[in-house]
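Scroll down for the structure; my scribbles are underneath it.
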Amino acid sequence: MRLKNTLTNIKEEFQPLGDRVGIYTCGMTVQTIPHIGHMKTFITADVLKRYLIFKGYQVTHVTNFTDIDDKIIIKAKESGEDWRALAQRNIDIFFKVSDHLNIMRADYYPRATQFIEEIISLIDRLIQRGFGYIVDGDVYFPVERFPKYGQLAKKELKELMPGARVAVDEKKRHPLDFALWKAAKEGEPWWYSPWGKGRPGWHIECSAMSMYLLGETFDIHTGAEDLIFPHHENEIAQSVSATGKNFVRFWIHNTWLSLSGEKMSKSTGHYLTAEEILQKYSPQAIRLFFLKSHYRMPQEYDEDRLKEAELAFDRVRAFLNRVEPIGEEVLRLTDFEAAMDDDLNTPKALGIIFELVREGYEKIDSSEAKKIAHSVRVLLEVLGFDLAPSISGREKALIEELIRLRSNLRREKRYDLADQIRSRLKELGVIVEDKREGSIWRVVR
RNA sequence: GGCGGCAUAGCCAAGUGGUAAGGCGGCGGUCUGCAAAACCGCUAUACCCCGGUUCGAAUCCGGGUGCCGCCUCCA
């Protein structure tokens with residue numbers, strides 16, 4: 001399997017370091033509820049993880065929450081809510097949305113505030129080794145002391161334009177030095193540290209938590225491309241400086257989701273929440289919308305594309321509804337794996353699944369169709385599509401009773417009533433189709 | 001100023017040297033009480049432009065144009 005590594009900018013053959021594949025996904029700063037753009041990142045990581053598991057790897061997956069930072073403090077102060085309650089509320093919504101989208105739960109969901117001790121000892125280690133300096137209770141990382149600074153983002157220290165958009169803090173020795181620890185101002189939350197009361201800087205938590213849970217060198221770190229600089233660059237600088245070891249072997253970054261041609265961003269308010277999108281579209285359609293485009297290609301949020309995905313997935317679901325899956329063998333598996341092995345080419349993999357579906361329809365009443373149904377099921381599940389029925393047994397029995405009644409009406413040519421039942425069921429999300437051999441039905445949405 | 005990404009049919013989107021996957025839409029047909037679904041056929045002489053390399057290029061090289069992003073917090 002080859003994965004495009006941001007560090008080297010080429011597709012590299014992936015081999016795990018040890019028995020288990022360690023994956024760290026940069027999670028949310030829980031100052032707001034998740035928007036649809038966030039979900040692209042978590043679905044990308046989900047597909048990578050599911051595919052690795054499918055290939056037989058043991059995976060340890062970590063997704064963090066940044067539950068303390070400037071904006072959380074500001075927001076809490078503005079609303080009068082306790083900052084912990086605010087963070088928890090957003091975390092709760094994240095889980096609700098994430099589960100709804102059938103994103104596999106990570107093995108660990110560490111929070112910055114639960115790792116203060118580890119963070120402090122990591123900062124201490126950095127200071128001991130000369131990679132941290134203290135100014136008025138703040139601790140900064142001196143980027144000039146790390147020769148490879150900029151290697152991930154392919155930036156040269158002297159070519160960067162510090163202060164281009166934000167005033168340079170005169171406390172720092174170099175404008176790009178970043179805070180490992182921030183002294184608490186009046187009224188802010190704080191923890192005790194050797195440098196006084198304060199809180200961790202943004203980047204250090206990810207180094208502390210990932211190394212604690214996955215080891216000082218681990219396999220895969222994922223996130224959206226906007227985190228490459230400075231966040232991931234800083235993670236590397238801190239971690240390597242503290243341990244003297246390589247930090248992450250594969251850096252995987254997905255693109256942003258844009259909205260009306262502009263980046264979707266919570267700081268500008270230019271975004272749509274995940275919850276509102278889930279009101280309008282099925283989790284499967286949303287997943288299909290994302291996977292139809294390669295994770296590293298620019299993608300625009302577009303309602304028409306979502307509607308399209310809904311129709312396309314409905315066709316697949318209707319096939320699986322009609323044909324009982326039978327068999328062991330997964331057809332087209334070699335093609336599917338070749339696509340996925342090539343840096344997770346989900347658009348190509350989906351193309352293979354759609355080809356199978358068409359072939360299945362062609363041979364709808366044959367045993368071949370049953371084998372195809374089994375194959376389609378397996379492959380869709382590798383990609384994380386939830387194919388479980390969305391209705392209860394009682395609902396199913398009721399619907400089938402109505403269909404039976406309607407069939408009798410049709411036999412008696414009482415089409416007015418039969419059509420009424422059909423259109424009423426449609427309003428309720430149950431599609432009825434009359435075939436030569438009888439009526440079939442399925443649930444949409 | 002530096003760095004990176006993208007440009008393929010009506011729309012979305014794979015394809016990185018061998019003659020254009022897939023999805024949605026559209027048109028014609030089969031089937032059908034009607035509807036729907038499904039199936040069949042058609043829907044890019046062609047991949048932003050110009051030049052080059054090659055037997056052969058959407059794919060490689062050079063030069064343009066356009067759009068987006070990063071160098072602030074952001075998934």
Side-chain angles (χ1 to χ4, degrees), chain A residues 6 9 25-29 31-32 34-45 63 66 69-71 150 153-168 176 202 222-231 233 253-258 261-268 270-271 288-289 291-294 296-300 302 304-316 318-319 322 335 339 342 345-355 357-358 360-364 410 413-416 418-419 422-423 426 431-436 439-440 442:
Chain A
T6 307
N9 213 26
T25 299
C26 258
M28 291 184 60
T29 302
Q31 45 159 308
T32 58
H35 65 241
I36 188 67
H38 291 122
M39 293 304 126
K40 182 182 168 87
T41 295
F42 298 115
I43 286 176
T44 300
T63 299
T66 299
D69 88 317
D70 294 358
K71 284 184 181 163
K154 314 286 180 288
K155 292 178 189 303
E156 296 285 335
L157 214 43
K158 52 183 172 295
E159 283 168 356
L160 290 164
M161 284 182 78
R165 292 159 76 183
V166 149
V168 173
L176 283 162
W202 177 35
T222 77
E225 61 178 351
D226 56 297
L227 295 182
I228 294 171
F229 196 91
H231 186 235
E233 194 70 57
H253 291 101
N254 57 272
T255 56
W256 285 79
L257 188 66
S258 63
E262 284 173 45
K263 59 179 178 172
M264 202 181 280
S265 171
K266 63 186 164 192
S267 59
T268 56
H270 186 251
Y271 65 86
L288 182 58
F289 165 76
L291 300 188
K292 271 180 68 183
S293 179
H294 187 88
R296 278 190 292 100
M297 289 296 171
Q299 188 177 22
E300 164 83 4
D302 188 326
D304 289 340
R305 299 288 84 71
L306 257 324
K307 287 174 193 153
E308 220 177 84
E310 199 76 77
L311 289 168
F313 191 78
D314 198 43
R315 177 161 161 261
V316 175
F319 170 69
R322 276 179 74 175
D335 294 337
D342 184 17
N345 193 338
T346 54
K348 197 172 190 174
L350 285 167
I352 292 159
I353 293 173
F354 279 106
E355 281 168 2
V357 170
R358 186 159 51 75
Y361 270 123
E362 274 172 39
K363 305 170 178 172
I364 193 81
R410 288 183 67 228
K413 304 221 188 296
R414 295 165 69 181
Y415 294 121
D416 271 11
D419 289 353
R422 183 172 62 194
S423 65
K426 187 176 181 180
I431 304 289
V432 180
E433 288 164 10
D434 300 328
K435 303 288 173 191
R436 196 187 293 258
S439 301
I440 60 168
R442 67 179 194 277

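Protein chains get the first letters and strands the later ones, always in sequence-line order, with residue 1 at the start of each.
- Among the protein residues, A:H253 comes within range of no part of the nucleic acid, since none of its heavy atoms lies under 4.0 Å from any strand.
- Nearest heavy atom pair, residue A:E433 against residue A:R442, reads OE2-NH1, 2.7 Å.
- Closest non-hydrogen pair, A:E233 versus A:A153, comes out as OE1-N, 2.8 Å.
- Taking atom C1' in both B:G17 and B:U59, one finds a spacing of 6 Å when rounded to whole Å.
- Comparing the C1' positions of B:A44 and B:G10 gives a spacing of 11 Å, expressed to the nearest Å.
- Within the 4.5 Å cutoff, the side chain of A:R422 has no heavy atoms near those of the A:R410 side chain.
- Within the nucleic acid shown, A:I353 has no heavy atom closer than 4.0 Å to any nucleic acid atom.
- When the C1' atom of B:C70 is taken as reference, atom CG of A:N254 falls 15 Å away, rounded to whole Å.
- Ranking B:G33, B:C73, B:G22 by closeness to the A:K292 side chain, first place goes to B:G22.
- Counting non-hydrogen atoms under 4.0 angstrom, A:R422 reaches a base of the nucleic acid.
- Of the candidate nucleotides B:C31, B:A14, B:C6, B:A14 has the atom nearest to the side chain of A:P347.
- A 3.5 Å limit on both hydrogen-bonding distances identifies no Watson-Crick or G-U partner for B:C47.
- B:A21 and B:A14 are spaced 15 Å apart, taking the P atom of each and rounding to whole Å.
- Counting non-hydrogen atoms under 4.0 angstrom, A:M39 reaches nothing in the nucleic acid.
- B:A7 is paired with B:U65 under the Watson-Crick or G-U wobble criterion, all donor-acceptor distances under 3.5 Å.
- In a base pair of the Watson-Crick type (N1 to N3 plus N6-O4 or O6-N4) or a G-U wobble (N1-O2 and O6-N3), with each distance short of 3.5 Å, B:C60 is matched with B:G52.
- Within 3.5 Å, a donor on the side chain of A:E308 pairs with an acceptor on the base of B:G23, or the reverse.
- Spacing between B:C73 and B:C67 at atom P, rounded to whole Å, works out to 27 Å.
- B:A38 atom P lies 12 Å from atom CZ of A:F354, rounded to whole Å.
- The A:E433 side chain lies nearest to B:A36 when the options are B:C3, B:A14, B:A36.
- Atom CZ of A:R305 and atom P of B:G22 are 18 Å apart (whole Å).
- Between A:N345 and B:G15 there is a side-chain polar atom (N or O) within less than 4.0 angstrom of OP1 or OP2.
- At a threshold of 4.0 angstrom between heavy atoms, the contacts of A:G223 are confined to the sugar-phosphate backbone, with no base atom among them.
- Comparing the same atom, C1', in B:C39 and in B:U19 gives a spacing of 29 Å after rounding to whole Å.
- At whole-Å resolution of the value, CG in A:L306 and C1' in B:C11 are 15 Å apart.
- Between A:K348 atom NZ and B:G23 atom C1' the separation is 16 Å, expressed in whole Å.
- Residue-level contact check: A:T44 touches neither bases nor backbone, having no heavy atom under 4.0 Å from any strand.
- Residue A:R410 has no polar side-chain atom (N or O) positioned under 4.0 Å from OP1 or OP2 of B:G33.
- Look at the P atom in both B:A37 and B:G56: the space between them is 48 Å, to the nearest Å.
- The two residues A:T63 and A:G27 make their nearest non-hydrogen contact at CG2-CA, 4.1 Å.
- The partner of B:A38 is B:U30, judged by Watson-Crick or G-U wobble contacts that both fall below 3.5 Å.
- Using a 3.5 Å distance cut-off with no hydrogens or angles, the side chains of A:T255 and A:E225 do not pair a donor with an acceptor.
- Listed candidates were B:C40, B:C71, B:A14. Nearest to the side chain of A:R358 is B:C40.
- Atoms CG (A:D226) and C1' (B:G69) sit 10 Å apart, rounded to a whole Å.
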| Hey, mind stepping through A:F319 and A:I364 against side-chain contact (heavy atoms from CB on, under 4.5 Å) and telling me if it holds? | CA-CA 9 Å; A:F319 170 69; A:I364 193 81; 4.0 Å; yes

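- Comparing the C1' positions of B:G25 and B:C11 gives a spacing of 8 Å, expressed to the nearest Å.
- Evaluation of atom-type donor-acceptor distances gives a pair under 3.5 Å for the side chain of A:D434 against the base of B:C34.
- The interatomic distance linking A:R442 (CZ) with B:A37 (C1') rounds to 7 Å, in whole Å.
- Residues A:I352 and A:A224 both approach RNA chain B. Their nearest nucleotides, taken by heavy-atom distance, put A:I352 toward the 5′ side.
- Side chain A:K155 to base B:C71: no donor-acceptor pair is found below 3.5 Å.
- Atoms CG (A:L257) and P (B:A13) sit 11 Å apart, rounded to a whole Å.
- For A:L227 and A:A349, each mapped to the nucleotide of RNA chain B holding its nearest heavy atom, the one lying further toward the 5' end belongs to A:A349.
- The shortest distance between the side-chain N/O atoms of A:R315 and the OP1/OP2 oxygens of B:C39 is below 4.0 Å.
- With B:C39, B:C24, B:A21 as the choices, the nucleotide that has an atom nearest any side-chain atom of A:A312 turns out to be B:C24.
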| query | Does the side-chain contact (heavy atoms from CB on, under 4.5 Å) test come out yes or no for A:M28 and A:H35, once each step is laid out? | reply | CA-CA 10 Å; A:M28 291 184 60; A:H35 65 241; over 6 Å; no

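- Here the side chain of A:Y361 is nearest to one of B:C3, B:C39, B:U32, namely B:C39.
- Counting any heavy atom pair closer than 4.0 Å across all strands shown, A:P34 reaches no nucleic acid atom.
- You can call A:Y415 stacked on the base of B:G33; the centres are under 5.5 Å apart and the planes sit within 30°.
- The nucleotide whose nearest atom lies closest to any side-chain atom of A:L311 is, among B:C73, B:C31, B:C24, B:C24.
- Of the candidates B:C31, B:A37, B:C40, the closest approach to any side-chain atom of A:K435 belongs to B:A37.
- Across B:U8 and B:G23, the matching C1' atoms stand 15 Å from one another, rounded to whole Å.
- Taking each heavy atom of A:S439 and A:V432 in turn, the nearest pair found is CB-CG1, 4.2 Å.
- Here the shortest heavy-atom pairing between A:F289 and A:Q299 reads O-NE2, 2.9 Å.
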